[in-house]
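In this text the structure is predicted, and so the values were computed from the model without any measurement. When a ligand or atom number is given, it counts from 1 through the structure's own listing order.
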Amino acid sequence: MNHPVMPLSSRLPRVGSTIFSTMSALAQAHGAVNLGQGFPDFACDPALIEACHAAMLAGHNQYPAMPGVPALRQAVADKLALQHGRRYEVETEITITAGATQAILTALLAIVHPGDEVVVLEPCYDSYIPNIELAGGVAVRVPLDPLSFRPDFERIRAALSPRTRALIINTPHNPSATIWQDTDMQALADLLRGSQTLLISDEVYEHMVFDGRSHQSVARHPELAARSFLISSFGKTYHVTGWKVGYVAAPAALSLEFRKVHQYNVFSVNSPAQHGLARYMRDPAPYLQLPAFYQAKRDRFRAGLAGSRLRLLPCEGSYFQCVDYSELGPLAELDDRAFCEWLTRERGVAAIPVSAFYGPAGDAGSPGRQDDRDRQRVIRFCFAKEDATLDKALALLQEL
Ligand SMILES: Cc1ncc(COP(=O)(O)O)c(C=O)c1O
């Protein structure tokens with residue numbers, strides 16, 4: 001007997017497959033160089049793999065402690081203290097997560113009550129808005145400046161209301177490759193002073209900051225740290241995005257609520273990877289060398305595009321380079337998605353349209369956003385690739 005499929009009302013009716021999967025599939029179909037999705041095409045340090053292997057052989061193969069392996073939490077606490085001068089308590093303030101994406105969702109589930117508002121600055125990482133909605137919240141979307149991608153604190157102020165539960169920030173920023181300055185953090189502290197608004201600070205590109213600048217972690221700003229979930233990802237820092245291990249550092253009261261959700265969601269995170277990372281982190285050299293490593297790739301990529309008609313946007317941090325293609329004559333008529341498809345099919349290089357980092361069109365919430373998006377002719381390349389991969393892409397792009 002045939003049973004009819006039960007009708008299901010989607011929790012995320014507006015979510016389809018992501019632009020990253022779409023562009024990667026198109027890249028594969030056309031044999032294109034994939035500078036779309038943000039992941040390295042080179043191997044991690046063999047010493048990190050050896051450390052994880054040793055952990056497996058040593059028997060670290062059962063459930064680890066719910067908040068994370070103590071040695072890894074200690075390593076994270078030491079790193080944060082060394083870099084930013086704030087010492088988070090290992091026992092109560094640091095939790096290891098299954099990547100930053102889980103940390104962001106878990107933080108939202110822990111703090112958002114139905115109908116609470118969470119402010120996001122668009123363009124933004126694509127999980128934020130669906131995560132807010134899954135938590136029963138309402139995403140209030142505030143555009144970054146459409147030309148500079150800088151925060152407009154007056155617009156953020158205007159978006160805050162008594163219902164605002166949290167604000168999500170991200171520096172270095174995906175997709176724009178801008179970073180926040182000390183003055184931005186001060187402005188944010190001024191704005192939030194006296195409010196109940198929490199901060200979710202997505203710092204996954206914390207070690208990719210260029211030209212001698214420093215990363216403005218919330219951990220450097222005591223007033224902000226007191227209301228923040230600081231989130232980062234070992235995947236980005238150690239070239240192992242597929243391992244999905246990250247962390248959240250937050251004051252004890254916030255971490256307590258975070259862990260209540262974490263323990264019934266993930267419970268605990270891959271044990272040998274945690275032990276291996278803890279051992280590998282004893283040496284700070286790999287993350288201290290990361291800015292120079294990625295700056296060299298950034299410079300190679302930018303130099304290669306300098307003769308083309310693509311206008312390079314500033315790249316202060318992250319492993320992304322955005323370009324404006326509005327000087328490309330008739331091609332500039334194409335919207336950024338159509339242009340990325342053209343580039344993949346006709347030139348053999350895949351990129352991501354920056355419009356994909358905005359929430360659905362036609363929503364209430366952020367006046368002017370649709371205009372901003374329509375005006376933009378900006379696409380994002382990922383330069384976390386072997387030099388040979390970058391050179392191959394550059395040879396194809398230089399003619400533009
Ligand atoms: C801004 C931002 N946040 C979070 C993540 C996800 O990090 P993870 O792979 O650790 O979940 C990414 C990955 O692309 C990202 O760009």
Side-chain angles (χ1 to χ4, degrees), residues 18-24 34-41 44 48 68 72 76 95-109 118 120-132 134 144 149 151 166-180 199-209 215-218 228-249 258 262 265-266 269-270 273-274 277 287 290 294 315-322 350-354 356-359 380-385:
T18 74
I19 187 70
F20 307 101
S21 324
T22 308
M23 290 311 302
S24 287
N34 192 353
L35 302 189
Q37 206 169 355
F39 62 88
D41 72 344
C44 69
L48 177 55
L72 184 56
V76 170
T95 308
I96 306 301
T97 60
T101 313
Q102 183 238 314
I104 295 162
L105 174 61
T106 301
L108 288 164
L109 290 171
V118 179
V120 294
L121 309 179
E122 288 190 314
C124 63
Y125 183 57
D126 65 342
S127 77
Y128 297 168
I129 293 172
N131 281 187
I132 294 164
L134 279 177
L144 294 167
F149 295 103
L167 164 65
I168 306 182
I169 62 171
N170 169 220
T171 179
H173 184 241
N174 177 12
S176 75
T178 53
I179 61 172
W180 283 29
L199 268 181
I200 295 178
S201 181
D202 181 343
E203 303 186 14
V204 300
Y205 300 106
E206 58 179 325
H207 296 293
M208 298 164 207
V209 175
H215 167 55
Q216 291 298 321
S217 173
V218 286
S228 292
F229 294 92
L230 184 175
I231 290 170
S232 191
S233 169
F234 298 106
K236 305 287 180 187
T237 302
Y238 294 129
H239 316 310
V240 286
T241 59
W243 289 13
K244 298 296 289 184
V245 187
Y247 64 84
V248 55
F258 183 96
H262 178 78
N265 176 7
V266 172
V269 173
N270 187 303
Q274 288 196 63
L277 283 162
Y287 68 76
L290 212 58
Y294 274 122
C315 173
E316 302 168 329
S318 82
Y319 49 43
F320 301 113
Q321 173 65 57
C322 286
I352 301 290
V354 163
F357 296 86
Y358 292 80
R380 187 201 79 176
F381 293 112
C382 170
F383 57 76
K385 306 292 170 189

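On a distance-only criterion, Ala100 and ligand 1 share at least one N/O pair closer than 3.5 Å. Residue Thr101 has at least one N or O atom closer than 3.5 Å to an N or O atom of ligand 1. Looking at ligand 1, you'll find an N or O of Ser233 within less than 3.5 Å of one of its N or O atoms.
Side-chain contact check for Gln102 and Thr97: no donor-acceptor pair (N or O, by modelled atom type) lies under 3.5 Å. Between the side chains of Ser21 and Ser24, no donor-acceptor pair of N or O atoms lies under 3.5 Å.
Close contacts of ligand 1 with Asn170, meaning ligand atoms under 4.0 Å from a residue heavy atom, involve 1 (C). Those atoms of ligand 1 that come under 4.0 Å of a heavy atom in Gly99, given as number and element, are 10 (O), 11 (O). Close approach of ligand 1 to Asn174 is summarised as follows: ligand atoms under 4.0 Å from at least one heavy atom of the residue are 1 (C), 15 (C), 16 (O).
Scanning both residues, Thr171 and His215, for their nearest heavy atoms gives O-CE1, 3.2 Å.
Aromatic ring orientation, Tyr319 versus Tyr205: perpendicular (interplanar angle above 60°, classes split at 30° and 60°).
At least one heavy atom of Lys236 sits less than 4.0 Å from an atom of ligand 1.
In terms of protein heavy-atom proximity, atom 9 (O) of ligand 1 is nearest to Lys244 NZ, 3.1 Å. Residue, atom and distance of the protein heavy atom nearest to atom 16 (O) of ligand 1 are Tyr205 OH, 2.6 Å.
Here the rule is side-chain contact (heavy atoms from CB on, under 4.5 Å) with Tyr294, and of Ser318, Pro40, Cys315 only Pro40 fits it.
For atom 2 (C) of ligand 1, the nearest non-hydrogen atom from the set Asp202, Ile231, Thr237 belongs to Asp202.
Taking the side chain as every heavy atom from C-beta outward, Trp243 and Leu48 approach each other to under 4.5 Å.
Judged by a 6.0 Å distance limit and a 45° cone about the ring axis, Lys236 is not positioned over the six-membered ring of Phe39.
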